[in-house]
Amino acid sequence: MTRHGQNRHSPFSWFFNHLTKKDVEMRVKMGTVVPKMGTFVHLVEEPTDYRTALAMALHEELGETHRAIKMAMRWTGASERTVKYWFAGERGPSGDHLIALARHSDAVLYVVLALAGRHIVDEADG
């Protein structure tokens, strides 16, 4: 609760309500910090930072293969190393790269809107 007595919702609550168990327990296969074999990411709580949220969105949209990295490279014109940092959550895209990702990926667009506090409400939801 805020000091004004209002309930405060996480900006990611709508996004994580739609994830399946498989989505949450995705296997990390790339990056320099996370070991490549036998590691599963178990989310205890929703990500609170930009880099983690964008990494999850990229994994959701593109998957976890080298092909996913190549696709993000084509979308943005960024280098392979840069895109690997994004997928690992070590760094986040900025400026033109972020706009290019949002142009091609609904998951990235929704996460950016959620981080900005601009939730999309379906007409059926009211």
**Request:** To the nearest 0.5 Å, tell me how far Leu101 CG sits from Met71 CE.
**Result:** 12.0 Å
**Prompt:** Looking at side-chain heavy atoms only, is the closest gap between Tyr110 and Leu115 below 4.5 Å?
**Reply:** no
**Item:** Nearest heavy atoms of Glu60 and Ala107, plus distance in Å
**Value:** CG-CB, 4.4 Å
**Asked** What are the two closest non-hydrogen atoms of Ala102 and Leu109, and how far apart are they?
**Response** O-CB, 4.0 Å
**From Met73 atom CE to Lys84 atom NZ, the distance as rounded to the nearest 0.5 Å** = 9.0 Å
**Request:** May I ask you to test the Pro93-Tyr50 pair for a side-chain heavy-atom distance under 4.5 Å?
**Result:** yes
**Trp86 and His97 aromatic centres sub-6.0 Å** = yes
**Complete:** Shortest non-hydrogen pair, Ala55 vs Ala88, comes out as CB-C, 4.5 Å
**Item:** Rounded distance [0.5 Å steps], CG in Leu58 versus CD in Glu64
**Value:** 12.0 Å
**Message:** Do Glu80 and Lys70 have side chains that approach each other closer than 4.5 Å (heavy atoms only, starting at C-beta)?
**Reply:** yes
**Request:** Taking all heavy atoms of Trp75 and all of Glu61, pick out the closest pair and write down the distance.
**Result:** CH2-CG, 4.3 Å
**Prompt:** Could you walk me through whether Asp96 and Thr76 pass the side chain to side chain contact (heavy atoms under 4.5 Å, CB included) check?
**Reply:** CA-CA 8 Å; Asp96 293 338; Thr76 62; over 6 Å; no
**Request:** Verify, without hydrogens or angle tests, whether Thr82 (side chain) and Ala78 (backbone) share a donor-acceptor contact under 3.5 angstrom.
**Result:** no
**Asked** Atom NE2 of His104 and atom CD1 of Ile99: how far apart are they, to the nearest 0.5 Å?
**Response** 12.0 Å
**Request:** Please report the closest heavy-atom contact between Ala68 and Leu62, naming both atoms and the distance.
**Result:** CB-O, 3.4 Å
**Prompt:** Should we count CG of Asp106 as having more than 12 external heavy atoms under 6.0 Å?
**Reply:** yes
**Prompt:** If you round to the nearest 0.5 Å, how far is CZ of Arg81 from CZ of Arg91?
**Reply:** 8.0 Å
